[in-house]
**Q** 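Supplied in structure tokens, the structure appears directly below.
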Amino acid sequence: MSSSREPVEVAVCMGSSCFSRGNKNNIKVIKDFIERHGLCDKVKLKGHLCEGLCKDGPNVSLDGQVFHCIDAASISVLLEQEVKMQE
Ligand code: FES
């Protein structure tokens, strides 16, 4: 029997507003986090187009829950929390 859970889906808004205001860097931080912690099979990273929430961006969703005003520090904290919950 396997106890493995579905991977956490991290969805980064790649619309021009979110991208230029921080997601360009956030996606690098996320990729680096996944590599550093060997989480390729536990975290599924994807990008999506603008969802009309630009004024609250940069936006990143974890398993469908949208987080706003994300920067490198806050995305690291969110990922760490999410990974701990998986353990
Ligand atoms: S560019 Fe991200 S919500 Fe519009």
Side-chain angles (χ1 to χ4, degrees):
M1 233 166 70
S2 165
S3 63
S4 63
R5 281 184 37 174
E6 288 289 301
V8 180
E9 186 179 275
V10 179
V12 179
C13 181
M14 303 300 277
S16 56
S17 173
C18 288
F19 190 76
S20 65
R21 289 164 64 201
N23 275 354
K24 181 178 180 197
N25 184 52
N26 289 339
I27 205 155
K28 284 190 202 140
V29 173
I30 296 165
K31 280 184 178 165
D32 185 58
F33 184 93
I34 292 170
E35 259 176 42
R36 232 172 338 116
H37 293 84
L39 296 172
C40 294
D41 52 349
K42 291 196 177 160
V43 179
K44 196 168 122 197
L45 177 61
K46 67 174 207 175
H48 63 79
L49 298 175
C50 174
E51 293 186 326
L53 303 168
C54 314
K55 72 173 173 53
D56 300 320
N59 300 310
V60 177
S61 321
L62 272 76
D63 277 343
Q65 187 182 355
V66 185
F67 294 90
H68 306 290
C69 303
I70 292 297
D71 60 15
S74 52
I75 193 61
S76 299
V77 170
L78 285 171
L79 289 169
E80 267 162 32
Q81 283 171 353
E82 201 61 37
V83 167
K84 278 197 189 116
M85 273 163 49
Q86 287 244 323
E87 288 170 353

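Residue indices begin at 1 and follow the sequence shown. Indexing begins at 1, ligand by ligand and atom by atom, following the structure's order.
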**Q** In ligand 1, which numbered atoms sit nearer than 4.0 Å to a non-hydrogen atom of L53?
**A** 3 (S)
**Q** One thing to verify: whether D32 and R36 come together as a salt bridge, which I'm taking to mean a side-chain N less than 4.0 angstrom from a carboxylate O.
**A** yes
**Q** Near E51, which atoms of ligand 1 are under 4.0 Å from a heavy atom of that residue?
**A** 3 (S)
**Q** Quick check on contacts: which atoms of ligand 1 are under 4.0 angstrom from a heavy atom of N59?
**A** 3 (S)
**Q** Of D63, L45, L78, which is the lone residue that meets side chain to side chain contact (heavy atoms under 4.5 Å, CB included) with V10?
**A** L45
**Q** Quick check on contacts: which atoms of ligand 1 are under 4.0 angstrom from a heavy atom of S17?
**A** 1 (S)
**Q** Have a look at N25 and tell me which of I27, N23, V29 forms a side chain to side chain contact (heavy atoms under 4.5 Å, CB included) with it.
**A** V29
**Q** Using the side chain to side chain contact (heavy atoms under 4.5 Å, CB included) rule, pick out the option among V12, N26, L53 that qualifies with N59.
**A** L53
**Q** Against heavy atoms of C13, which atoms of ligand 1 measure under 4.0 Å?
**A** 1 (S), 2 (Fe), 3 (S)
**Q** What angle, to the nearest 10°, do the atoms SG (C50) and SG (C54) form about atom 4 (Fe) of ligand 1?
**A** 90°
**Q** To the nearest 0.5 Å, what is the distance between OG (S61) and NE2 (H68)?
**A** 8.5 Å
**Q** Which ligand 1 atoms, with their elements, are less than 4.0 angstrom from a heavy-atom of C18?
**A** 1 (S), 2 (Fe), 3 (S)
**Q** Quick one, V60 and C13 - any side-chain contact, counting heavy atoms below 4.5 Å?
**A** no
**Q** Which atoms from ligand 1 have a heavy atom of G15 less than 4.0 Å away?
**A** 1 (S)
